[in-house]
Q: 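Take this structure first; my questions come after.
The first residue in the sequence is number 1, and the count goes up from there. Only heavy atoms go into these numbers, but all of them, side chains included; no hydrogens, no water, no symmetry mates.
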Amino acid sequence: MKKVEDLFIVDVFQEAKIIAGHAGLKRKVESIEISETPDAINFLAKNSLLLTTGYAFKNDPHALCNLISQINELPCAGIAIKLKRFIDKIPQDVIELADSLEFPIIQIPETLTLGAVAHQLLSFIWDNQIEELFYAMHIHKEFTNMMIKGYSLNSLIENLGSLLKCPVLLLDPIGDVTSFSHHFRTGNMKIVMKNVQEHIKRDIETYLEKNQLTIDIQNTDISIKMFRVKTMRPYPYFLLILDPEKLSYPSSQLAIEQASTVISFTLLKNEAIRENSRLLENNFFASLVDGKISNKQEIIHRGKQHGLIDNMKYVCIVCKIDDDKQNALQKSADIMNRLYDYLYKFLHKSFLKIDTNNIVFMKDGYFVILMQAPLNINDSIKSIIEERLKEFQNEAYSNLKISLSFGVGNFSNDLTYIHLTYEEAVEAWTNGAELFQNKFINFYETKQLIELIRLIPEKDLKKFYENTLRSLSYPKNKDEKDLVNTLLVYLDNNCELAITSRKLFVHRNTVKYRIAKCEDMLNYSVHDSKNSLHLRIALLMSSIFRGNSD
């Protein structure tokens, strides 16, 4: 696209003089308009250069101030005026206004007609626009051929950077770098890339509407042109051209848009392949955890193509969006698809720091992470898992504004027991949802004690249960259920008030009141070691008798 300063190479403008607004010579020029009316603002196109003799202002040249103020807002590229016909001289207040607005006023030589000037300038602009159009078509053809030949996304971005001779970045819908041109392989440019990514990622929603921005990186202003690359997803990718003012002719916005269209098709193809692969993966693991594939050799054979490895330790982690947010988002399938798509990526990225092979799939509304760790891995892996999940929770909330909770099963040394660790993870999540409501990480606890309890005759169990819990044996209303639940969490956390209040989302004084109320109803102290043990066992048995009672 041409600028005002470029017009001075045309014959009719070689003797033209700049009267005012020298600082605005880099304004864009897309067309040339001739008008002699005071209301020219109603007939001008954006980025046009107005040619005039000033006839409408011959009796009041100072009124040019009003015209300049109006067309500057449009915006227009400037005014080229032929003097000595109706206006002999541009008033000083008009010049001062033009200088303050950086609005060019150009004097046309007296020997030329407006028609001749307009004809030559339009020919110059149109010739360049036609050349830019042909170049854009050439770019589209080149990139289409690359796509047909199976060029990768990275290759397309690399080629675009080479053609434009400018750094090019492709960011995904959450602001992470997907591909970049060779310009970013040097040390300084790596820092620039990281800063650009962080800047856009901080406020991704804002940049859905912006076409350009300037970022201060190490005391240097970096200008960026933004193009949105759409796919089947409701939110676009971002194609960024750095230092667009350095684009060499005949590169243009149209040429970049043609390339971005082909990049869009490539992304669509990749998404279709990924969706199909994910569907096959989900179907296989659904069959596995449902117990429909029990033969070990068949599991190994079919699982190999999905990343399943034999002779490892296996643990399932299930993840779900917490209910309050889930319900709020159910109305929009597009939003849910976007969230799950990001979660898929986040879950993969979250565990890169752990020496494990991980598979992510979906089952019954859960995202499931199947972690495969070496057999000799030690028990510290459990604390590392919890640490990584907390990091992921914070990252997901920061970037997606959603609250996530996790259930974690126990490790198994045989892939034929993967369905068991999945069931444990689901149960851990369900129990966690009942106890902690949201943003929890709950590990499955082996039910060895309850299994032993079931060996005792039921009448003896019931007697022990009712003697221990007394009037709390069968809660009759919400208040009594809250008391039992508080007692359970309080004892499970070694009678720590702070931890109990945090997990129950109530004030510590509420916990103290409820425990005191329990002791009053039980008629003994819950802090006595023997009483505490009996209570924990009785509460473990509550699912047996309260279930029967219900």
Side-chain angles (χ1 to χ4, degrees), residues 1-110 112-133 211-212 225 245 252-254 257:
M1 187 173 292
K2 293 303 174 187
K3 300 180 177 65
V4 174
E5 63 185 3
D6 297 327
L7 302 180
F8 288 89
I9 66 173
V10 181
D11 288 344
V12 292
F13 248 41
Q14 291 205 353
E15 294 183 11
K17 297 178 181 178
I18 304 167
I19 299 174
H22 293 72
L25 293 180
K26 292 193 178 294
R27 289 188 178 218
K28 298 175 183 176
V29 183
E30 294 180 353
S31 66
I32 305 296
E33 307 279 356
I34 299 177
S35 178
E36 298 290 7
T37 63
D39 59 345
I41 181 66
N42 298 320
F43 310 102
L44 297 181
K46 286 184 178 181
N47 299 321
S48 60
L49 178 69
L50 173 62
L51 305 187
T52 183
T53 60
Y55 173 79
F57 305 97
K58 61 181 181 179
N59 297 322
D60 185 12
H62 296 278
L64 278 168
C65 286
N66 186 45
L67 175 68
I68 289 172
S69 296
Q70 289 180 332
I71 64 178
N72 178 66
E73 291 293 325
L74 190 56
C76 272
I79 288 180
I81 187 168
K82 182 178 178 181
L83 298 177
K84 307 296 185 183
R85 180 83 186 276
F86 298 106
I87 298 177
D88 292 331
K89 184 180 178 183
I90 300 294
Q92 186 60 34
D93 58 339
V94 176
I95 292 174
E96 289 174 358
L97 174 64
D99 284 335
S100 68
L101 296 175
E102 298 182 357
F103 184 87
I105 299 178
I106 301 164
Q107 182 180 348
I108 300 172
E110 298 174 36
L112 298 174
T113 65
L114 297 186
V117 174
H119 176 73
Q120 284 200 34
L121 292 182
L122 280 171
S123 295
F124 174 70
I125 291 171
W126 287 344
D127 284 345
N128 282 273
Q129 288 177 345
I130 290 170
E131 190 171 351
E132 288 177 358
L133 178 60
N211 296 319
Q212 57 189 32
K225 186 75 175 175
E245 66 278 359
S252 66
Q253 177 162 323
L254 181 59
E257 286 172 350

Q: With the side chain counted from C-beta on, respond yes when C76 and L44 share a heavy-atom pair under 4.5 Å apart, and no when they do not.
A: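 A side-chain contact under 4.5 Å exists here.
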Q: Any chance you could measure K28, atom NZ, to K46, atom NZ, to the nearest 0.5 Å?
A: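 That separation rounds to 11.0 Å.
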Q: Give, for atom CD1 of I87 and atom OG1 of T53, the distance between the pair rounded to the nearest 0.5 Å.
A: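 Atom-to-atom, I87:CD1 and T53:OG1 are 7.5 Å apart.
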Q: Can you tell me how far the CD atom of E102 sits from the CG atom of L25, to the nearest 0.5 Å?
A: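 Nearest 0.5 Å value for the CD-CG distance: 10.0 Å.
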Q: Kindly write out the residues that satisfy ring pair (Phe, Tyr, Trp, His ring centres under 6.0 Å) with F86, not counting sequence neighbours, or none if the list is empty.
A: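 Residues passing ring pair (Phe, Tyr, Trp, His ring centres under 6.0 Å) with F86: Y55.
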Q: Would you confirm whether K82, through its side chain, and L114, through its main-chain N or O, come within 3.5 Å as a donor-acceptor pair?
A: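 Looks like no, no N/O pair under 3.5 Å.
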Q: From L97 CG over to I105 CD1, what is the distance, rounded to the nearest 0.5 angstrom?
A: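 If we round to the nearest 0.5 Å, L97:CG and I105:CD1 are 8.0 Å apart.
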Q: Do side-chain atoms of T52 reach the backbone of E36 as a donor and acceptor pair under 3.5 angstrom?
A: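 Not at all, since once roles are kept as given, no pair shorter than 3.5 Å links the two residues.
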Q: State, to 0.1 Å, how close P104 and G24 come at their nearest heavy-atom pair, and which atoms those are.
A: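 Taking every non-hydrogen atom into account, CG-O, 3.4 Å.
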Q: Please report the interatomic distance CD1(I41) to CG(L74), rounded to the nearest 0.5 Å.
A: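 So the CD1 of I41 and the CG of L74 are separated by 4.5 Å.
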Q: With the side chain counted from C-beta on, respond yes when I32 and L51 share a heavy-atom pair under 4.5 Å apart, and no when they do not.
A: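 When only atoms from C-beta onward are counted, L51 and I32 do touch, with a gap below 4.5 Å.
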Q: Just list the side-chain donor-acceptor pairs under 3.5 Å for residues 62-72, sequence neighbours left out, or say none.
A:
| from | atom 1 | to | atom 2 | distance (Å) |
| --- | --- | --- | --- | --- |
| H62 | ND1 | D93 | OD1 | 3.1 |
| H62 | ND1 | D93 | OD2 | 3.1 |
| S69 | OG | C65 | O | 3.0 |
| N72 | OD1 | R27 | NH1 | 3.3 |
| N72 | OD1 | R27 | NH2 | 2.6 |

Q: Working to the nearest 0.5 Å, report the span between CD1 of I90 and CD of Q107.
A: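 Between atom CD1 of I90 and atom CD of Q107 there are 8.0 Å.
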Q: Is a donor on one side and an acceptor on the other found under 3.5 Å between the side chain of N47 and the backbone of V29?
A: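 Absent.
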Q: Please give me the minimum heavy-atom distance between A80 and I108, naming the atom from each residue.
A: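 Smallest heavy-atom distance, with atoms named: O-CD1, 3.6 Å.
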Q: More than 12 heavy atoms of other residues, nucleotides or ligands under 6.0 Å from NE2 of H22: is that the case?
A: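 Enclosed.
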Q: Might you work through the side chain to side chain contact (heavy atoms under 4.5 Å, CB included) test for I79 and F103, ending with a clear yes or no?
A: CA-CA 8 Å; I79 288 180; F103 184 87; 3.8 Å; yes
Q: Are I106 and V4 side-chain neighbours, meaning at least one heavy-atom pair lies under 4.5 Å?
A: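 The answer is yes; the side chains approach within 4.5 Å.
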